[in-house]
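Read through the structure below, which is laid out as structure tokens, and then see the notes.
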Amino acid sequence: MMRRTVLQAGLLWLISFTLAWSAQDRIPVRVGVFENSPIVSATPGTPPEGIAIDVIRWVAEQEGWQVTYVPDSFDNLLVRLDRGDIDLLTGIAYSDERAQRFQLSSQSLIGNWGMVFRHAEARIDSLPDIKGKRVALMRGSTHSQALIELAARFDAPFTPVYVDTYPQVLQAIVERRADAGVVNRVFAALHAHEPDLVVTGIVFNPIFVHYAAPKQARPALLAALDRHLAALKADTRSAYYDSLRHWLEAGSADRTPRWLPWAAAAAGSLLVLALAVAGFLRHQVQRQTGELQRRAGLLQSEIEQREQVEAHLNQIAYFDALTRLPNREGFRIALNETLADMQGSDERLALLFIDVDRLKNVNDGLGHGAGDLMLQQIAVRLQSVLRAHDHLSRFGGDEFVVIVSEIGESLDAELVATRLLQSLAAPIDIGSTQVYSSASIGIALYPDDADSVETLIKHADTAMYQAKGQGGNRFRSYHAQQTARVVERLTLDTRLRQALERGELLLHYQPIVALDSRRMVGVEALLRWDDPERGLVMPGAFISAAEDSGLIVALGEWVLEAGCAQLRDWQKQSKTNQLTLAVNVSTRQFEGRRLVKSVEQALSRTGLAPECLELEITENVMLIMNDEVRDSLDSLRGMGVRLSLDDFGTGYSSLSYLKQLPFHSLKIDQSFVSKIPGQAGDTQIVTTILALAKGFELEVIAEGIETQAQYDFLLEHGCQYGQGYLMSRPQPADALAAMLGRQAIGPSGQAIAGAGFTINP
Ligand code: C2E
Ligand code: MG
Ligand code: MG
């Protein structure tokens with residue numbers, strides 16, 4: 001007896017010693033949590049859960065953290081973070097002010113933004129429509145404030161209906177206490193599925209959700225989070241993606257009512273029972289059967305409702321609201337799937353880029369309602385002549401795209417194009433009017449004409465423009481033009497490669513000017529090729545060939561390093577220390593995260609500060625947006641490099657992407673600048689871009705300013721920066737240095753070349 005007690009005491013001591021020892025060994029981390037489901041959910045009395053918590057748990061396990069959760073209101077948690085009462089705060093939206101006040105993880109956990117939902121019967125499709133309407137807003141949400149400000153800028157003030165939670169926002173719409181309401185997209189993906197709720201095109205205020213730590217404290221915690229989060233995001237099979245799937249996709253599955261399995265089981269038992277007593281209790285059997293039928297009916301309607309919900313969610317993300325065809329995102333998925341199916345086979349596919357001719361005439365003459373009706377009918381007609389496995393989608397505006405798989409020869413694609421054109425030949429009824437429609441179609445074949453999705457689309461688009469240029473109502477194949485050029489391209493490619501090796505490449509620099517002070521604030525590096533045979537060759541003549549062959553990656557790296565070295569050199573000669581260097585970057589440089597590495601290398605070799613570098617990326621980056629590109633952009637921004645969206649308005653811009661992506665500025669393309677000041681229609685694009693940029697807090701640089709009138713118009717409409725021949729053409733490095741010298745000796749605030757812009761040589 002005595003021996004057993006001693007043994008028990010010994011064992012107890014051993015257990016408590018081991019526990020104390022292991023607890024001592026773990027690093028205590030206090031994590032602030034608040035209610036922001038499904039990013040973090042902190043219901044009193046239950047352990048916190050959500051995407052941010054899954055990641056914390058995973059990291060804690062790897063790093064040996066002993067995590068204690070501190071639930072509180074968001075505002076209180078910010079104060080606690082300031083005081084260092086907690087070590088980490090989950091799920092805080094990025095803002096410059098917060099980045100100053102706390103340390104924020106450089107990896108974001110997830111991107112989120114505000115979305116406006118409306119009642120099915122309210123007519124709200126774009127921002128101006130909310131003028132005078134009742135809009136439900138959650139108190140204290142950043143999105144609520146952002147919508148109020150955005151609406152004020154668009155002169156569309158509305159009546160706010162304040163509630164306390166996102167579910168109450170939706171409830172207010174369903175109960176018609178509000179015409180519309182604002183929730184965030186992560187919440188919407190899970191909960192906005194009532195039949196009376198309709199998503200509008202109004203999406204705004206992109207935020208990136210990060211982790212925060214006190215300003216002065218333990219950088220190791222955030223560093224560990226960043227390291228693990230980057231690794232988790234890089235692997236699509238990681239716990240991070242499991243968590244996203246769990247929280248974002250499980251929503252629709254979770255909506256199966258809890259009683260459903262029980263109901264099914266009960267229905268089953270009832271059936272057995274009914275059969276057993278069938279002989280004796282015929283009348284009871286009938287009653288039971290009635291009950292069964294009722295339950296089966298309920299079950300069926302539950303299933304239908306669930307299907308509706310899932311269909312609705314898909315509809316939001318992958319379908320175009322007007323024609324109900326897949327949208328650009330749906331198209332991308334279908335194309336990738338088709339390409340994956342084709343892997344290893346010698347099949348080919350054709351991409352048909354369809355642009356409806358003269359839709360603008362219908363819109364202008366009969367109104368947008370008529371244009372919409374026409375597009376709907378065109379969609380039906382196009383679909384009617386396609387085979388079941390061809391894939392039709394709407395790219396937006398008047399553009400449709402067809403993926404035709406299992407093509408034998410190019411003639412097959414041309415037959416499809418002919419059928420599509422014929423389907424539009426008969427007039428279309430719009431109310432009491434009939435209109436005639438036609439289209440221009442461009443065809444590109446994979447893998448004959450392109451080896452990537454991006455070039456395939458580009459080539460089909462180019463061919464479409466040819467068809468349009470020849471008067472429309474016809475198709476053109478990219479294939480035919482391409483063959484003649486292959487030889488030329490090959491020699492160009494070889495010579496360009498040699499040019500790089502022989503040092504025949506150089507950079508010219510064009511000043512970027514603050515329009516109000518007229519001072520030079522940066523330069524854009526523009527590539528030139530000093531060909532011994534042809535003289536100075538402009539980038540228009542070789543960039544796209546270099547992009548097709550992949551040589552652009554090496555060229556781009558050279559440009560980065562040469563540009564950074566030049567600016568550093570000017571800085572050392574104290575010619576300037578406030579200029580930024582803008583470098584153009586091709587989307588191909590993102591492949592394999594090459595861009596991040598080459599930027600790091602260029603900065604570390606030349607010693608240039610990251611804040612001095614701005615990367616100009618064309619809008620087409622949105623076409624290839626995937627995790628790799630997004631992470632690269634995040635990393636670059638995290639490093640302190642500035643990002644700007646080049647040639648804005650000319651390519652495949654997607655508003656919802658623009659709001660998600662970490663850009664600092666956008667450059668209005670010169671094709672728009674050249675039209676101002678002019679007719680209202682022409683200037684409207686520029687003023688809209690300026691308003692949009694203001695709404696998203698992006699800086700704007702206008703390109704191609706050639707006249708004083710353009711300059712004045714832009715300045716008057718709030719454009720901050722500009723660039724163009726009026727101020728200066730692109731210059732060789734030494735000419736630019738001379739300009740910098742003049743600016744350096746002038747009094748502060750002096751224009752880059754005195755009162756006028758007379759610095760053109
Ligand atoms: P971009 O980035 O939009 O550059 C602006 C272009 O507009 C430059 O042409 C510039 O000379 C021209 N420009 C500037 N002000 C005016 C003006 O007032 N009027 C007119 N008509 N044009 C003006 P550039 O140098 O021929 O470059 C053409 C394009 O080539 C660039 O367009 C950029 O997309 C590409 N590019 C240039 N250098 C590089 C590079 O190093 N890498 C990559 N990937 N692309 C580059
Ligand atoms: Mg540029
Ligand atoms: Mg540009």
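Whatever order the structure lists ligands and atoms in, that order sets their numbers, starting from 1.
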Atoms of ligand 1 less than 4.0 Å from [X] heavy atoms?
{"X": "Gly704", "result": "15 (N), 16 (C), 17 (C), 18 (O)"}
{"X": "Asp647", "result": "3 (O)"}
{"X": "Ser586", "result": "44 (N)"}
{"X": "Asp646", "result": "1 (P), 2 (O), 3 (O)"}
{"X": "Ile543", "result": "43 (C), 45 (N), 46 (C)"}
{"X": "Ile705", "result": "18 (O)"}

Practice item. May I ask whether Gly540 has any heavy atom positioned less than 4.0 angstrom from an atom of ligand 1? Key: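 Judged by the 4.0 Å heavy-atom criterion, Gly540 does not count as contacting ligand 1.
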Using modelled atom types only, decide if a donor and an acceptor are shared between the side chain of [X] and the backbone of [Y] within a distance under 3.5 Å.
{"X": "Asn327", "Y": "Gly330", "result": "yes"}
{"X": "Asp355", "Y": "Ser440", "result": "no"}
{"X": "Gln710", "Y": "Glu706", "result": "yes"}
{"X": "Glu616", "Y": "Glu614", "result": "no"}
{"X": "Arg528", "Y": "Met538", "result": "no"}
{"X": "Gln720", "Y": "Ala514", "result": "no"}
{"X": "Asp226", "Y": "Ser106", "result": "yes"}

Practice item. Give a yes or no on whether atom 9 (O) of ligand 1 lies under 4.0 Å from any heavy atom of the protein. Key: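 Under 4.0 Å from atom 9 (O) of ligand 1, zero protein heavy atoms found.
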Point to revise | Exercise check, heavy-atom protein proximity under 4.0 Å to atom 32 (O) of ligand 1 | key: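 Given the 4.0 Å cut-off, atom 32 (O) of ligand 1 does not count as touching protein heavy atoms.
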Any idea which of [options] brings a heavy atom closest to [atom]?
{"atom": "atom 36 (N) of ligand 1", "options": "Pro511, Ser671, Gly724, Pro539", "answer": "Pro539"}
{"atom": "atom 7 (O) of ligand 1", "options": "Glu547, Glu706, Gln670, Glu703", "answer": "Gln670"}
{"atom": "atom 15 (N) of ligand 1", "options": "Gln510, Arg528, Glu616", "answer": "Gln510"}

Review point. Can you name the nearest heavy-atom pair linking Thr580 to Leu567, along with the distance?
Key: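 Closest pair (atom of Thr580, atom of Leu567, distance): C-CD2, 4.3 Å.
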Review point. Given Gln601 and Ser604, is the side-chain hydrogen bond (donor to acceptor under 3.5 Å, both in side chains) satisfied, shown in steps?
Key: CA-CA 5 Å; Gln601 201 170 53; Ser604 76; over 6 Å; no
Exercise for review: Using the test ring pair (Phe, Tyr, Trp, His ring centres under 6.0 Å), find all partners of Tyr509 that sit at least two apart in sequence or belong to another chain.
Suggested key: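 Scan of Tyr509 (ring pair (Phe, Tyr, Trp, His ring centres under 6.0 Å), adjacent residues dropped) gives Trp570.
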Check your understanding: What residues form a ring pair (Phe, Tyr, Trp, His ring centres under 6.0 Å) with Trp529, not counting sequence neighbours?
Key ->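 Expected list: Phe542.
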Can you tell me which residue and heavy atom of the protein come closest to [atom], and the distance to 0.1 Å?
{"atom": "atom 4 (O) of ligand 1", "result": "Leu526 CD2, 3.6 Å"}
{"atom": "atom 23 (C) of ligand 1", "result": "Tyr725 CE2, 3.4 Å"}
{"atom": "atom 11 (O) of ligand 1", "result": "Pro730 CG, 3.3 Å"}
{"atom": "atom 34 (O) of ligand 1", "result": "Asn584 OD1, 4.4 Å"}

Review point. Tell me, which N, O or S atom in Glu524 is closest to the Mg ion (ligand 2)?
Key: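 Nearest N/O/S atom: OE2.
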Practice item. Apply the test side-chain contact (heavy atoms from CB on, under 4.5 Å) to residues Val521 and Tyr721: give CA-CA distance (whole Å), side-chain angles for both, the deciding distance (0.1 Å), then the verdict. Key: CA-CA 9 Å; Val521 293; Tyr721 304 103; 3.8 Å; yes
**Study point:** Steps toward side-chain contact (heavy atoms from CB on, under 4.5 Å) verdict (Trp558, Leu507)
**Key:** CA-CA 10 Å; Trp558 179 86; Leu507 292 176; 4.0 Å; yes
Check your understanding: Taking Glu524 as the fixed residue, which of Leu581, Asn584, Ile701, Val583 is the one that meets the side-chain contact (heavy atoms from CB on, under 4.5 Å) rule?
Key ->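 Exactly one option meets the side-chain contact (heavy atoms from CB on, under 4.5 Å) with Glu524, and it is Asn584.
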Review point. Taking only residues at least two apart or on different chains, which pairs with a member in residues 549-567 satisfy salt bridge (Lys or Arg N to Asp or Glu O under 4.0 Å)?
Key: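 Qualifying pairs, neighbours excluded: Glu557-Arg594, Glu561-Arg605.
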Review point. Are Phe395 and Phe400 close enough, and set up right, to give a ring-ring contact (aromatic ring centres under 6.0 Å, His included), and what steps lead you there?
Key: CA-CA 5 Å; Phe395 255 38; Phe400 295 84; 9.8 Å; no
Exercise for review: Consider every N or O of Gln589 and every N or O of ligand 1, then say whether any pair is closer than 3.5 Å.
Suggested key: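 No, there is no polar N/O contact under 3.5 Å.
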So which bit of [X] gets within less than 4.0 Å of ligand 1, heavy atoms only: side chain, backbone, both or neither?
{"X": "Leu527", "answer": "both"}
{"X": "Val559", "answer": "side chain"}
{"X": "Glu524", "answer": "side chain"}

Check your understanding: List-wise, which protein N, O or S atoms are found short of 2.8 Å from the Mg ion (ligand 3)?
Key ->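 Those protein N, O or S atoms (cut-off: under 2.8 Å from the Mg ion (ligand 3)) are Asp646 OD1, Asp647 OD1, Glu703 OE1, Glu703 OE2.
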